[in-house]
Each structure stands twice: as C-alpha cells, then as structure tokens.
A.B. asks: 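This is the structure I want to talk about, given as structure tokens.
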Amino acid sequence: MRAKHSANDQIVQVGARVRSIVWFRGKDLRLADHQPLAAGIAAGEVLPVFIFDPYFFAPERAVQMGHRIQFLLESAQALKAALQARGSDLICLRGASFDRLAELSRAWSADRVLATRWSERFGRKRDDSIASRLQVPFHVFEGETLMPPGDILTASGQAFRVFTPFWRAFQRVFELKAPLPRPERLPSLPPEILALDEGIPGLEELGVVANERLIRGGEQAAWSRLDTFLRGPADRYVKGRDRLDQEGTSRLSADLKFGLLSPRQVWWAIETAEARPGGGAAFQRQLVWREFSHHSLWHWPDLLERPFRADFEGFPWLEDPAGWQAWVQGQTGYPVVDAAARQLLVEGFVHNRARMIAASFLTKHLGIHYQRGEAHYMRYLVDGDWAQNNLGWQWSAGCGCDAQPYFRVFNPTLQGQRFDPAGTYVRQWVPELARLPKRWIHEPWNAPESVLLDAGVTLAKDYPKPIVEHRAARARFLATAKAHLAQRKGLSP
DNA sequence: ACGGGCTTGTA
DNA sequence: ACAAGCCCG
C-alpha cells in the first residue's frame, strides 16, 4: 500500500505509476529546473539518490579537492533537507556507483534511472557503461549547459575554434525556455527504502579539514548570490567585472559548477529582471564562454591531456622548483600575482582577471607548464570545473582554443595598476604591503627607501624582491616560444 | 577562395 | 603598430 499523498499527487496516481530513480551526481544539486526530477514526478514515483563513490570520495581523493568536497557536502545536505521538507528524501549510499545503483534499483523495483549528463569523457564512459549494464533503462538529460554540447556547429558542420563566431551562432539558435518550477511536493518513500539511507559523510570522515572562508553551499545560498548580483553588479558588469577591488562579478561559478543553479535559470533571471541590467548582455556572453568550454571539451576530450594547438606539443617548459613554490605560496614579489595565489589557498576562489594574471605569470614569466597550474587550481578552487579551468589555462598559456597570441604577455604591474588602482585587492591579500602608498603598491621594488621605511616594509625580508625581472622574463619566453614554434612548423608537412 | 576579423595586451 | 596566424562565412 502506498503512503498518503497530497491532492496533487492523487492526480498523478491516476496515470501510470512509473518508478524513477533520480540520480543526483553533483552537477545538479537543486530541485528547481531539474529535468530528471520533473520527468520522474510527472511519470509517477521518484526515488532521489546520491552515491558517494570512492572514485571521488575516498579520503585520498577527497583531500585532492577539499574545497569542492566541502561545498558539495553542504549542498547535498541542503538538497536532502529540501527533499525531506517536500515529503521525500535523498537516499545517500556509499560505494561503487554502478553496484549501489543496481542494488537500489532491484530493492525498489525501479522502472528506470534518470540523471543529468556529464560531458567530460570519463563521465560519458561511465554513463555508457551504466546504460549497458543496468537492468532498467538509463536516461540522461541535458541541462548542464544552455545548449547540448555538440549542437552548435559551423556552416560546414565543424566545431568552432574561435569564440566570437560560436557566440554569434549560439545567439542564432538558442531558444530560451522558462525554467521548470521547483516541485512543491514529492511522493513519499517507503520505510524499507528510507532504511537504506547511509547518510551524508562528514568532512572529517573524508579527511578534509573544514575551511570557514569558503562560500556556503545549497540552493538557497545560490539564489541569494544571484539576487545580490542582479541588484548591483549586473548593471555595472561591463566595466565592473574587470575590477579586482570591487564586487563586480557574479560569484556564481560554483553554483553553476554544482548545479545549484542551472545556466538556464541564470539566463532567465537576467532576461526577466524588472530593470534589465545594463551588463546583462555582457554577462550572458560570459555564460556562453562557459558553453564554449563545454562544447570544446565535448569535441576534443583529450584537451585535458594535450594542448589544443598541436604545435605546442613538446614545448620546453621549465621545472624551476623555487619559482613554482613562490608562485604557489604567493611569494613572487609581484603583488597582484601573490594576492591571487593567496586568495586561492584561503578562499578557494580567485577573481577571473586575477586568474589570468596568475596564469600568464606562471606560464610565461616562469615558463612552467600550464598543466601544473591547472592542477593546482583544480585542487583548491571551489568552482573548479574541468572544461572551464582547462580552457582558461590553455588560453592563458597561448596554446588553447582561440588563445591569445603567445607573444601577448601580461605585465603584472600594469594589470595591477589598471584593475586594482588603489591596491585594495593587494592590501587585502598581501597585508605586509598594506601601508605602502598606492603609487608603489604594484611595484614595491621601485619604491624609494624612505617610502618603504614609512610603510614598514623591508624588501627581501617582509616581502620578496621580484623573483624574475619582467622584461627579461618576457624576452626569454618569446624567444623560447618562437624557436619552438618555428621548429614545429619545420617538422610538420 | 578571399578577406574581414579575432575577450580580456604591450611597447 | 605589433613580435603572426588562421578561423569562418
């Protein structure tokens, strides 16, 4: 006998009672605009499940991405609470995804399993394997992106390699549909299924040290961030987004990564805002950069292993252990580069422009492989996403899809002066320079002795002298890149 | 197949 | 202007 349902559910009960397991997989931790969930509810009974697979959640894996684990666990807790408040629950299991899923499917006599697609190669492989081994149908839904990866092609049916034509094509074909509402009630779960719940693991259990400085997870927190963005920064976005010293960006990257918000909900919120924000279109363009990264990774799954530009293969990157350590710890002597490094470790977040400055410095000034920077960012970023992080690093290194030309090397002093004019960002993250006047905040090595003295800064003691000289480092990279690319060109037919 | 055009810049 | 080059219609 089925549990009692609200009036709404009675209506559904009249139809076929299809039993759908809705498998939440960490990129769709929300109730609103959730296509598998909505499809499940429309068809009958729903069993929401999350599986803590050791592939991600074994302690030795979890510590490799502690910030994201913390954010995900918080978001899963919020999801569980929201499902409980609506008469259902999030059944949490531990172990190998396929085994636990198959077991649950048998225990509940499920008719099918529904989930949101992951576009990375290993996600696709996992889904193929699950579909072929599961006794019941396995349906994956789109929704991680605005358009399904692979759906936007050039006139000749090829993948785009340059953003702007992709953006134009996107605007031509994208049709915005209203996001699905958040379900008010869900069918309840039988006691024998509720009894299978193994709960959400705690951080300690996974060997992860809690970090109080991270943004909060959960669907509600995400909506509050979206609201904050729409109330201010969205209107000033065109210029404000580049400012390191202001709250000029959306701060929605982690919400989109974990699917606390779908990109469609965010796009819709911009479109339907009472006062259309002045920076709405510019922000939507940024959302399409997110699309571009997912589409690119879909077309070229080995981007995670190799440079997009084949002529960068075999590039003579340097080891430079001392340079690497300085870059990681924020001790390069370039204030804005160091601020970015420290913000990453402390907050698990870095302003987009600061990411570019940091990436340019690591790859060009230090000549260190972009993949090392990419991996370091993946380790600490709350919003760390394979597709986007990889695109960003390859773009910065000059070897990526639509990359900046290799000879365009960011000058960290100029970037700092332009986008953090008063040095507010630097002062926050490099407090040993806090008393330096803004004239010298981005180039303390040029400050007069008396100024340094007044600011209480002794270079090489309180704060390092630059570990490389900008002009020399720039020249070294250009010479190396030029020689390497010329050689590669000579090798190719 | 020709040519306009190309996220985030520097000197 | 530029230390190039090539995407895409």
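Computed over heavy atoms, backbone and side chain alike; hydrogens, waters and symmetry mates excluded. The model shown is predicted, which means the values in this text are computed figures rather than measured ones. Protein chains get the first letters and strands the later ones, always in sequence-line order, with residue 1 at the start of each.
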A.B. asks: Among the nucleotides dA4(C), dG9(B), dC8(C), which one has an atom lying closest to any side-chain atom of Arg161(A)?
C.D. replies: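 Given the options dA4(C), dG9(B), dC8(C), the side chain of Arg161(A) is closest to dC8(C).
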A.B. asks: Please determine if Glu313(A) and Arg488(A) form a salt bridge, counting it only when a charged side-chain N lies under 4.0 Å from a carboxylate O.
C.D. replies: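 Salt bridge between Glu313(A) and Arg488(A), a charged N being under 4.0 Å from a carboxylate O: no.
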A.B. asks: May I ask you to say what Gln286(A) touches in the nucleic acid, namely base, sugar-phosphate or nothing, with a heavy-atom cut-off under 4.0 Å?
C.D. replies: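 Base, at least one base heavy atom under 4.0 Å.
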A.B. asks: Hey, are Arg342(A) and Glu432(A) close enough for a salt bridge, meaning a charged N less than 4.0 Å from a carboxylate O?
C.D. replies: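 Here Arg342(A) pairs with Glu432(A) in a salt bridge, since their nearest N and O are under 4.0 Å apart.
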A.B. asks: So which nucleotide from dG9(B), dT8(B), dA11(B) ends up closest to the side chain of Arg418(A)?
C.D. replies: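 Of dG9(B), dT8(B), dA11(B), dG9(B) is nearest to the side chain of Arg418(A).
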A.B. asks: Quick one: Trp300(A) CH2 to dC7(C) P, roughly how many Å, whole number?
C.D. replies: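 So the two atoms are 10 Å apart, to the nearest Å.
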A.B. asks: Are any of Asn411(A)'s side-chain N or O atoms less than 4.0 Å away from OP1 or OP2 of dA11(B)?
C.D. replies: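 Looking at the OP1 and OP2 atoms of dA11(B), one of them is under 4.0 Å from a side-chain N or O of Asn411(A).
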A.B. asks: Choose from dC7(C), dA4(C), dT10(B) the nucleotide whose nearest atom is closest to any side-chain atom of Pro405(A).
C.D. replies: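 Of the options given, the side chain of Pro405(A) lies nearest dA4(C).
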A.B. asks: Is there side-chain contact between Phe166(A) and Trp289(A), with heavy atoms separated by less than 4.5 Å?
C.D. replies: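 SC-SC contact between Phe166(A) and Trp289(A) ruled out.
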A.B. asks: dG9(C) P sits how many Å from Leu153(A) CG, rounded?
C.D. replies: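 For the pair Leu153(A) CG and dG9(C) P, the rounded distance is 11 Å.
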A.B. asks: Looking at dC8(C), dT8(B), dT10(B), which one has an atom nearest to any side-chain atom of Leu414(A)?
C.D. replies: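 Nucleotide nearest to Leu414(A)'s side chain: dT10(B).
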A.B. asks: Suppose we define a pair by two distances each less than 3.5 Å, Watson-Crick or G-U wobble; what does dA4(C) pair with here?
C.D. replies: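 dA4(C) is paired with nothing.
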A.B. asks: Is Gln158(A) close enough to dC8(C) that one of its side-chain N or O atoms is under 4.0 Å from OP1 or OP2 there?
C.D. replies: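 No.
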A.B. asks: Any side-chain N or O of Arg309(A) less than 4.0 Å from the OP1 or OP2 oxygen of dG5(C)?
C.D. replies: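 No.
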A.B. asks: Distance to the ring centre below 6.0 angstrom and angle to the axis at most 45 degrees; does that hold for Arg124(A) and Trp298(A)?
C.D. replies: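 Because its charged atom sits under 6.0 Å from the ring centre and within 45° of the axis, Arg124(A) does stack over Trp298(A).
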A.B. asks: Within the 4.0 Å heavy-atom criterion, would you say Arg353(A) contacts the bases, only the backbone, or no part of the nucleic acid?
C.D. replies: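 Base contact.
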A.B. asks: Starting at CZ of Arg408(A) and ending at P of dC6(B), how long is that distance when rounded to a whole Å?
C.D. replies: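 That distance rounds to 12 Å.
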A.B. asks: Checking all strands, does Arg471(A) fall into the base, sugar-phosphate, or nothing category for heavy-atom contacts under 4.0 angstrom?
C.D. replies: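 Result for Arg471(A) = nothing.
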A.B. asks: Can you identify which nucleotide, out of dA4(C), dC8(C), dA11(B), has its nearest atom closest to the Thr154(A) side chain?
C.D. replies: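 Ranking dA4(C), dC8(C), dA11(B) by closest atom to the Thr154(A) side chain puts dC8(C) first.
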A.B. asks: Take atom CD1 of Ile152(A) and atom P of dG9(C), then tell me their distance rounded to the nearest Å.
C.D. replies: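 That distance rounds to 12 Å.
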A.B. asks: Does OP1 or OP2 of dC6(B) have a side-chain N or O of Arg168(A) closer than 4.0 Å?
C.D. replies: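 Looking at the OP1 and OP2 atoms of dC6(B), one of them is under 4.0 Å from a side-chain N or O of Arg168(A).
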A.B. asks: Rounded to whole angstrom units, what separation is found between the CD atom of Gln415(A) and the P atom of dT8(B)?
C.D. replies: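 So the two atoms are 11 Å apart, to the nearest Å.
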A.B. asks: Looking only at side-chain N and O atoms, does His470(A) come under 4.0 Å of OP1 or OP2 in dA11(B)?
C.D. replies: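 For His470(A), the contact criterion (side-chain N or O under 4.0 Å from OP1 or OP2 of dA11(B)) is met.
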A.B. asks: Among dA4(C), dC8(C), dT8(B), which is the nearest nucleotide to the side chain of Asp242(A)?
C.D. replies: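 So the nucleotide nearest the side chain must be dT8(B).
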A.B. asks: Starting from P on dA4(C), measure out to CG on Asp311(A) and report it in whole angstrom.
C.D. replies: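 That distance rounds to 13 Å.
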A.B. asks: What is the distance, to the nearest angstrom, from the CZ atom on Phe170(A) to the P atom on dC8(C)?
C.D. replies: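 About 17 Å, once rounded to whole Å.
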A.B. asks: In whole angstrom, what separates Tyr406(A)'s OH from dC6(C)'s P?
C.D. replies: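 It is 12 Å, rounded to the nearest whole Å.
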A.B. asks: Taking the P atom of each, how far is dG5(B) from dA4(C), in whole Å?
C.D. replies: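 It works out to 23 Å between them.
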A.B. asks: Honestly, is Arg353(A) close enough over Phe419(A), meaning NZ or CZ under 6.0 Å from the six-membered ring centre and within 45° of the axis?
C.D. replies: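 Output yes; distance and angle both within limits.
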A.B. asks: Looking at every strand, decide which applies to Asp402(A) at a 4.0 Å heavy-atom threshold: base, sugar-phosphate, or nothing.
C.D. replies: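 If one applies the 4.0 Å heavy-atom cut-off, Asp402(A) turns out to touch the sugar-phosphate alone, with no base involved.
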A.B. asks: Between Lys27(A) and Glu144(A), does any side-chain N to carboxylate O distance fall below 4.0 Å?
C.D. replies: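 Salt bridge between Lys27(A) and Glu144(A), a charged N being under 4.0 Å from a carboxylate O: yes.
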A.B. asks: Where the side chain of Ala155(A) is defined as all heavy atoms beyond and including C-beta, which of dT10(B), dT8(B), dG9(C) is the nearest nucleotide?
C.D. replies: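 Ranking dT10(B), dT8(B), dG9(C) by closest atom to the Ala155(A) side chain puts dG9(C) first.
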A.B. asks: Is the phosphate of dT10(B), meaning OP1 or OP2, less than 4.0 Å from a side-chain N or O of Gln404(A)?
C.D. replies: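 No, because none of the side-chain N or O atoms of Gln404(A) sits under 4.0 Å from OP1 or OP2 of dT10(B).
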A.B. asks: Going by purine N1 to pyrimidine N3 plus the second Watson-Crick contact, or the G-U wobble pair, all under 3.5 Å, which nucleotide sits opposite dT8(B)?
C.D. replies: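 None - no nucleotide pairs with dT8(B), as no candidate has both distances under 3.5 Å.
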A.B. asks: Determine, for Glu74(A) against Arg216(A), whether the closest basic-nitrogen to carboxylate-oxygen distance falls under 4.0 angstrom.
C.D. replies: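 Looking at Arg216(A) together with Glu74(A), the answer is yes, because their closest N to O distance falls below 4.0 Å.
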A.B. asks: Which part of the nucleic acid, if any, lies within contact of Arg355(A), taking any heavy atom under 4.0 Å across all strands shown: a base, the sugar-phosphate backbone alone, or nothing?
C.D. replies: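 Answer is nothing: Arg355(A) stays at 4.0 Å or more from every strand.
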